[in-house]
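Report on the following structure.
One-based numbering, in listed order, for ligands and for the atoms of each.
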Amino acid sequence: MRASRYLLSTVKETPADAVIASHKLMIRAGLVRQLASGLYSWLPTGQRVLNKVQAIVREEMDRAGAQEVLMPTIQPAELWEESGRIDQMEGQMLRIKDRHNRDFVYGPTHEEVITDIARNELKSYKQLPMNFYQIQNKFRDEFRPRFGVMRSREFVMKDAYSFHVDQDCLSAEYENMYQAYSRIFDRLGLDYRAVLADTGAMGGKASHEFQVLADSGEDFIAYAEGGSYAANIEQAEAVMPTGERAAPTAEMELVDTPNAKTIDQLVEQFGMPIEKTIKTLMVEAAEDSEHEIIALIIRGDHELNELKAEKLPQVKAPLTMASEDKIQALIGALPGSLGPVNLKVPFIVDRAATLLSDFGAGANIDGKHYFNINWGRDAEIGEVADLRNVVAGDPSPDGVGTLQIVKGIEVGHIFQLGDKYAKALGANVLDQGGKSQTMLMGCYGIGVTRIVAAAIEQNHDENGIKWPLAIAPFHVGIVPLNAHKSPEVMEVAEKLYQDLQAAGFDVLLDDRDKKTSPGVKFADMELIGIPHRFVVSDRGLQNGLLEYKQRGSDEKQEISVADALQHLK
Ligand code: ATP
Ligand code: MG
Ligand code: MG
Ligand code: MG
């Protein structure tokens, strides 16, 4: 690629809502542009990376024996009624009507559609197992899209679905996918953990998430070094006994706000089901707004409740602090039918506490403390004690070592679904005895666009992105210096460009004219994160030499023109 004919679109400024490194760098390096909230266009550099991620995913899925298909993004709403998931997905699902007034949804996931295919195409146990995958856009109307493509509304997912006649076969394919995912994330050069996960809205029994370790992650992972145990903390809490926790020491003060509402009032107002399944009261505070808390989500064991709760209005409250006993009071005021409640405060504890006070102030307190209090994030004001059920230092459930807790970005998720969808949609095959039998299913997702952001979270410095070679938009950059004064410089650069491409490298030749200074060219190469860089200069050529530098290293090497290609191998 010649830079003169290429939309580099590097910029200095980043939007105010870009708070994490990958979001800022994806804008600055010209990878994506926001069209509307949670909707991103991928510019040429971003698309090159995305293509490489997809190619790796595709290769490993094919190697694992899965078959690629492509399903429509738009799905008939009836299919979701048939599976019984239409209400569960309410909120996250974008619903549309066609010109005949028929109901459709923009697919947030494709269990229903693939099960429809399976019930029509698969007839006999002899055809099984089969695993189908696609790489395709999904739309989820996220409550608060954020962090750029990390949590967007339209995003690219690789979703796969396998069909089986018995549990052994499903278990074997699950293991096969686990291995394929491990190969994918290894090849992508990511530092990740496979962790036990909640099955959530998908249902089923076994589930693992693949979590890229990063401080900007929204999930918490508990694992023990050297042991075999690693779990999403949501899952870890489900299996851990509630330990004695140190009393919180924070001195906080409650401020009564005129809009205070009890959970009961909210339930009435928004018609949320009060079920035992509601487990977590989640308060989200906006990191970017100094004085406001902007969102509240109540979510439960089932995403059902999370989604219902997305109907809650944005709650705004001034930045103040509430006392721990007032939070206790709030918890006491929650209806007993809620069962154990976890309070999760993702960002900033004091703001979240204020929001709690918004709900708790003036409510009846009947002193139930059978609730678990769970601060889902490390308290960001130092004095607040960690109230999670599972904390660093707890013994690992497998008996090996003690748990550490780190943050992760969920880039993949695999499930054993069992017969949930096949049963609802009547997807049967004839078994060995000629009897009709419901198929068992597994499903396997990868956040393809999210991977690009996650990779940047793990690979950047103050100058920009440092791509792992496997997904770099270009492997090599060539900067000819003062080419307008020296035809030989341009000639050598041009030849190198051709030779490297012929050898299979993706090369960016910065042939922009003298209006673009060498400093700007170097800065762009660093920002875009090209792993290898050659500089061709008049001075070097006098001795037949090029300058070589690796992204992330300060060391520059002199290399003879003839050895350039060999040097990269
Ligand atoms: P999250 O917990 O982050 O909301 P999820 O558990 O809802 O994700 P899954 O239903 O497991 O997501 O979907 C499979 C994969 O799709 C996820 O592991 C993630 O990598 C990706 N993904 C999900 N939601 C988004 C989103 N809003 N933007 C980008 N990628 C997403
Ligand atoms: Mg989600
Ligand atoms: Mg998740
Ligand atoms: Mg998931």
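Note on E209: not counted as a metal contact of the Mg ion (ligand 4), no N/O/S atom lying under 2.8 Å.
Within the 4.0 Å heavy-atom criterion, the part of M150 lying near ligand 1 is the backbone and not the side chain. Under 4.0 Å from ligand 1, the heavy atoms of E142 that appear belong solely to its side chain. Residue contacts with ligand 1, taken as heavy atom pairs separated by less than 4.0 Å, involve V149 solely via the backbone atoms N, CA, C and O. By the criterion of a heavy-atom distance under 4.0 Å, the side chain of R450, and not its backbone, is placed next to ligand 1.
Listed by atom number, the atoms of ligand 1 under 4.0 Å from G412 heavy atoms are 18 (O). Below 4.0 Å from some heavy atom of V411 lie the following atoms of ligand 1, by number and element: 18 (O), 20 (O). When each atom of ligand 1 is checked for a heavy atom of S152 under 4.0 Å away, the hits are 26 (C), 27 (N), 28 (N).
Side chains of Y106 and R95: no donor on one and acceptor on the other come within 3.5 Å.
In summary, R151 and E218 engage in a salt bridge, as defined by a charged side-chain N under 4.0 Å from a carboxylate O. Ion pair E82/R119 flagged as a salt bridge, since at least one NZ, NE, NH1 or NH2 atom sits closer than 4.0 Å to an Asp/Glu carboxylate oxygen. The pair D141-R153 meets the salt-bridge criterion, since a charged nitrogen lies less than 4.0 angstrom from a carboxylate oxygen.
The shortest separation from a heavy atom of T449 to ligand 1 is not under 4.0 Å, leaving the residue out of contact.
Looking at ligand 1, you'll find an N or O of R140 within less than 3.5 Å of one of its N or O atoms. Checked by distance only, ligand 1 and R153 stay at 3.5 Å or farther apart across all their nitrogen or oxygen atoms.
Of the possible donor and acceptor atoms, one in the side chain of R33 sits under 3.5 Å from a partner among the backbone N and O of I27.
With sequence neighbours left out, the side chain to side chain contact (heavy atoms under 4.5 Å, CB included) criterion links S182 to Y178, Y192, F210.
Rounding to the nearest 10°, we obtain 100° for the angle at the Mg ion (ligand 4) between E410 OE2 and H413 ND1.
For the pair L94 and V105, the minimum side-chain heavy-atom distance is 4.5 Å or more.
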Before you tell me yes or no, could you show the steps for E111 and T115 under side chain to side chain donor-acceptor pair (under 3.5 Å), namely the whole-Å CA-CA distance, both residues' side-chain angles and the distance that decides it to 0.1 Å?
CA-CA 6 Å; E111 281 78 13; T115 308; over 6 Å; no
